[in-house]
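Worksheet for the structure shown next.
Bear in mind that the values here come from a model prediction, so they are computed numbers and not experimental data. Below, all heavy atoms of this structure are taken into account, side chains as well, without hydrogens, waters or symmetry copies. If you read the sequence from its start, that first residue is 1, and numbering goes on from there.
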Amino acid sequence: MVAQFLQKLTYEEVQTTVNELLDFAEKCKSLNLHESPSECSYQLMTTFLEHICNNQGMVDKHVFSDCCNINNTARHKCFLLYKKDDAGHSDIFQIPNPEQICETDKENQASVKERYIYETSRKHPFLYGPTILTMSACYETAIQSCCQQENNTECLQIKLEPIRKYIREISLRHHHLCEIGIKFNHKVAKSVELVLLTKKQLKANFSEIAQLAVDTKNLHQTCCEGNAVACVFGRSQLMNDICSKQTILSSKIIPCCALPVPFRGECIINSENDDKPDLSSLPLSRFTEDRFVCKQFTDKQDDFLQEFLYEYSRRHPELALPVILRVVTVYQNLLGKCCKLEDPLECYSHGREMFQRVVLESHERVKNHCDLHEKLGDNNFHDRLMVLYTKKAPQLSAQELIMFTKSMAAAATRCCPLSDDQQFVCMEDAAKLILGALCRRHEAEPINVNVGHCCDDSYAFRKPCFEDLQVNGTYISPPLPCDQIISLKEVLCKAQEEEFQTEKQKLLSNLVKQKPYATEMQFQSFIVDFTRLVRKCCQAEKSEMCFQEEELKLIEKCQSLLGSKLFQKTST
């Protein structure tokens, strides 16, 4: 908790602060899941933040003075805003000196584990405390195992890579769940939990899943508020509760419940979805053919829609979370319209076809995306995404656009070769995380009104909204001469393939910002010429002379594309 809030503190400074807070942390053992926020969470966090604000050195080091000048609730939110997620840019699993690690482990095993917890926490400030503790146990096991072997360097690299990969992925998911809880109302957060829990525990009845969804949502809130102590105790209690009903909830979690506490929770969270039960005797028709639908919808709208969400999720566990949420959104809007009519039944009886259309349209979008990826190949597909998203969000820097579109292109590379159903779920799941990161960037520093609309309007329809965005017409790029856009240098010959792609995409982004309404074909033609000229000159005997000659030709083509005398080459 301390390392996640005070990311610049040294290991020793964190240890000192931790020791001063231990008495208050003990009270969190009595955490009650049904209280939100818990008394423990409130007291511990208040004490912790007061401790920081009373230490002028800490305040100055972390620039927290503005937070310390406001009251408790606002102060807490202010501190959370200062957390910087470095997950995408850092890697704490580099092992420069395995011998030293093994020697340290031999002398003091606790120190190695605690330092791992410290490093992981400050690099991943939104990663839930229980997950950090579980992975620290995995890390400790890997160290102990590898340090007994002669080839400990290779052993450590092999055993730590899955841990590194898991932490990067789960940290993104935790940050995304926190974003949902903060940006959208509690109904959306509860709906997300209800879908995820229903898909895992298909045999559980609605009341059990509904209560579990509330408890899980409350736990997420505690974890997202940064109270790692309350989060750990809260998850432990929740997992005990789940394991006490394991035979009722799902057969898939039975092996998990037999594991010791550090591993039990993570195992349950990552367990497979339960086997789909036979629900043929319980059709969904009561939501589209019953004449009392409007009465139920009007009397208890939230409960009725939650029950529909539960029943639809049970019947379609193969669908991704956002797709199921799109269906329930369409159903809610349908009832909102139909229940005002004289003959509502005639109106909402078409619901089933509308649900199918939502799923089909979502499926078609993914299929078209993957067909294009297969046609263009990895690099050209990434180039196309650069063009599209530079048009949608030209306010982003070229480097930011490269980062976001690189994630999108990597998702297509990973997901598109899968079977149709798996491809569909994989792409939808990846998109929600990538677009969630883009929306967090917008939250920190607004990009444009259109991006804000897609981020804020509907969590379920965020992906289709972004895909349908066109050129951002309000953006006027500062004029950039073609000789500043294009830079053909001999250093490109020494660049690795990834470095070359980055340079090419920076060029592409700058071109699009200057001429956003040009066609993709025009941009593609220019990039093909750029790539060809670099390859040609790198193979020439006199590379520098070749670059000078060819650069002039490319600048002329740039001027032609941009269509303005402003972009002529400046005199030298």
Quick one about [Y] and [X] (side-chain donor to acceptor, distance below 3.5 Å, no hydrogens or angles considered), yes or no?
X: Thr474; Y: Asn472; value: yes
X: Tyr166; Y: Glu266; value: yes
X: Gln4; Y: Ser121; value: no
X: Gln501; Y: His382; value: no
X: Gln522; Y: Ser525; value: no
X: Gln7; Y: Tyr82; value: no
X: Gln422; Y: Ser419; value: yes
X: Glu13; Y: Thr10; value: yes
X: Asp383; Y: Gln524; value: no
X: Gln157; Y: Glu161; value: no

Find out if the SG atoms belonging to [X] and [Y] lie under 2.5 Å from one another.
X: Cys454; Y: Cys439; answer: no
X: Cys370; Y: Cys415; answer: no
X: Cys493; Y: Cys537; answer: no

For the student: nearest non-hydrogen atoms of [X] and [Y], plus distance:
X: Ile324; Y: His316; result: CD1-O, 3.8 Å
X: Tyr116; Y: Ile163; result: OH-CG2, 3.5 Å
X: Arg365; Y: Asp468; result: NH2-OD2, 3.0 Å
X: Phe526; Y: Leu511; result: CD2-CD1, 3.3 Å

Margin query: Using 30° and 60° as the class boundaries, would you call the ring planes of Tyr459 and His176 parallel, tilted or perpendicular?
Written below: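 Tyr459 vs His176 ring planes: tilted.
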Next item on the list: Could you tell me how the ring of Tyr128 sits relative to the ring of His220: parallel (under 30°), tilted (30 to 60°) or perpendicular (over 60°)?
Entry: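 Because their plane-to-plane angle lies in the 30° to 60° range, the rings of Tyr128 and His220 count as tilted.
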Could you tell me whether [X] and [Y] have a side-chain N and a carboxylate O separated by less than 4.0 Å?
X: Arg357; Y: Glu353; answer: no
X: Lys217; Y: Glu193; answer: no
X: Glu443; Y: Lys183; answer: yes
X: Glu550; Y: Lys553; answer: yes
X: Lys406; Y: Glu498; answer: yes
X: Glu497; Y: Arg535; answer: yes

Check: Has Glu364 got more than 12 heavy atoms of other residues, nucleotides or ligands less than 6.0 Å from its CD?
Finding: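 Enclosed.
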Next item on the list: Evaluate whether atom CD of Glu150 has more than 12 neighbouring non-hydrogen atoms of other residues, nucleotides or ligands under 6.0 angstrom away.
Entry: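 No.
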Item checked: Full working for side-chain hydrogen bond (donor to acceptor under 3.5 Å, both in side chains) between Tyr11 and Glu114 -> CA-CA 9 Å; Tyr11 173 68; Glu114 285 179 5; 3.0 Å; yes
Note to self: Using disulfide (SG to SG under 2.5 Å), reason through Cys147 and Cys102 one step at a time and then give a plain yes or no.
What the structure shows: CA-CA 5 Å; Cys147 288; Cys102 291; 2.0 Å; yes
Is a side-chain donor or acceptor of [X] paired with a backbone partner of [Y] at a separation under 3.5 angstrom?
X: His76; Y: Glu225; answer: yes
X: Lys159; Y: Cys146; answer: no
X: Thr131; Y: Leu127; answer: no

Margin query: Is the terminal nitrogen or CZ of Lys83 (NZ for Lys, CZ for Arg) located under 6.0 angstrom from the six-membered ring centre of Phe5 and within 45° of that ring's axis?
Written below: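 Flagged: Lys83 positioned over aromatic ring of Phe5.
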Check: Distance under 6.0 Å and angle within 45° of the ring axis: does Lys392 meet both against Tyr389?
Finding: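 Output yes; distance and angle both within limits.
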Item checked: His373: partners by ring-ring contact (aromatic ring centres under 6.0 Å, His included), with sequence neighbours left out ->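 For His373, the residues satisfying ring-ring contact (aromatic ring centres under 6.0 Å, His included) (neighbours in sequence not counted) are Phe381.
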Notebook entry, point to check: If we only count heavy atoms from C-beta on, is the Ile143 to Lys113 side-chain gap below 4.5 Å?
Noted result: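 Side chain of Ile143 against side chain of Lys113, heavy atoms only: no contact under 4.5 Å found.
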Notebook entry, point to check: What pairs meet the ring pair (Phe, Tyr, Trp, His ring centres under 6.0 Å) rule with one or both residues in residues 391-437, with sequence neighbours excluded?
Noted result: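 Output for this query lists His363-Phe424.
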